[in-house]
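Whatever order the structure lists ligands and atoms in, that order sets their numbers, starting from 1. Numbering of residues begins at 1 and proceeds along the displayed sequence. Just so it is clear, the model here is predicted, and its values are computed rather than measured.
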Amino acid sequence: MATQKYIAFADIPAWLEELSAAQTVYAPRREGKAVVYRPWQKGEQPELVERPTESAKHIVFPRAEELFRFNYQQAPETGGSKKLSLAEPADPAPAVVFAALPCDTRGFLFFDPVYSGSGTNGKFQDIYYLKRRACTTLITRTCRAPLATCFCNWTGGGPANREGADVLSTDVEGGLFLEALTEKGEAVLKSAALSPATEAHISAAQSSRDKAARSMGDAPDLGRTPPALISLFENLDFWREQSAGCLSCGACTYLCPTCYCFNITDESNGISGVRLRSWDACMFALFTLEASGHNPRNGRAARLRNRVGHKFSYYPGLHEGRFSCCGCGRCIKSCPSSIDIRRIVQNALAATEASRG
Ligand code: SF4
Ligand code: SF4
């Protein structure tokens, strides 16, 4: 049977201190108006009241990461031509993410098939992502009070979703009930800072999970969304209306736990330098700008169409019908123009329903 433990809120720093001896522990911390995942510092009590503003994706998929260093040398044996040497970065250190939201944990499941080369039989594997993913343990925390912007239940998740988690923790009186879901989860629950869970903890955690699930209300049927979005592809009037207020700021993509696009640049100084991978966003005008000057997505309407279409039509078409949106609602909460992806999906369904008569 899976290990089940309990920890009082006051004892959480002692447990994290023990874990941090062998790995980097990330936990939610308040910084100004935001709550962000940062390396935990000795004695720190994580922020467990307000929900994280950002997702935990940067811990496995850094905002900018070094792919390798390069150096050109003048090589006499090659008749003066340049010789290139490459140095790969060290393997990533093991990490633990404490109190990840269930939608954030689930978000990694949309990266996994893409970065492990699913569809190419593993031919194109992203070793940088896969190494970090393998050495990261995710301790998820059941949501106690989903926000008005949350809609994880529309896209197959829920406030106590276990998918992708190594440990599921749930608030009970005075502390957390912890349940190991994988071998990595079992390893982090082997700690003297934790005590065995009682029947009362198990039952209180179940009530807490049920209550959170009930608070989400009913989810609409989004089954017709992929064909609806395809049928609206050429309807730029529809997309102009949906994107009218968009500022192309990219906040929606940067905060999204399932957006995985990147750019690659070489930063060099003389004969040596570093190749970097950095986050990029399809909501930026330059994202698809070609060297010729042509931009196939030259306008907010085409860019928003791509973002919504990718999550609710193209990705599910390639990955067993799964929407690549975990319903975290961050793009809704943080959009300066109050653009709501739920409303766009529902408008698309309504528009195609109306045209079918
Ligand atoms: S956050 Fe809102 S305004 Fe900014 S790019 Fe996204 S949709 Fe446009
Ligand atoms: S599209 Fe919006 S709601 Fe969906 S996962 Fe991304 S940020 Fe969350």
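- For atom 6 (Fe) of ligand 1, the neighbouring protein N/O/S atoms at less than 2.8 Å, given as residue and atom, are Cys252 SG.
- The closest protein non-hydrogen atom to atom 5 (S) of ligand 2 is Cys326 N, 3.3 Å.
- A salt bridge is absent between Lys57 and Asp104: the closest approach of a Lys/Arg side-chain nitrogen to an acidic carboxylate oxygen does not fall below 4.0 angstrom.
- Between Glu54 and Arg330 there is no salt bridge, since no side-chain nitrogen of the basic residue lies less than 4.0 Å from a carboxylate oxygen of the acidic one.
- Annotation for ligand 2: atoms under 4.0 Å from non-hydrogen atoms of Phe151 are 3 (S).
- For atom 8 (Fe) of ligand 2, the closest non-hydrogen atom of the protein is Cys328 SG, 2.4 Å.
- Shown here is Glu31, whose CD atom has more than 12 heavy atoms of other residues, nucleotides or ligands within 6.0 Å.
- Ranking the protein heavy atoms by distance from atom 6 (Fe) of ligand 2 puts Cys256 SG, 2.3 Å first.
- Checking side-chain atoms of Gln45 against main-chain N and O of Phe9 turns up a donor-acceptor pair under 3.5 Å.
- A heavy-atom distance below 4.5 Å is found between the side chains of Arg322 and Leu109.
- In terms of protein heavy atoms, atom 4 (Fe) of ligand 2 is closest to Cys325 SG, 2.3 Å.
- Salt bridge present: Glu163 and Arg106 bring a charged side-chain N and a carboxylate O closer than 4.0 Å.
- A single hydrophobic cluster is seen to contain both Phe262 and Phe68, as judged by linkage of ILVMFWY side chains at heavy-atom distances under 4.5 Å, directly or through other members.
- Per-residue contacts place Gly329 under 4.0 angstrom from the following atoms of ligand 2 (heavy atoms of the residue considered): 3 (S), 8 (Fe).
- Within the 4.5 Å cutoff, side-chain heavy atoms of Phe151 are placed close to those of Ile332.
- Heavy-atom contacts of Lys311 reach the following atoms of ligand 2: 1 (S) (cutoff under 4.0 Å).
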Which is it for Arg69 and Glu88 under the salt bridge (Lys or Arg N to Asp or Glu O under 4.0 Å) test, yes or no, and what are the steps along the way? CA-CA 6 Å; Arg69 289 186 170 268; Glu88 291 185 5; over 6 Å; no
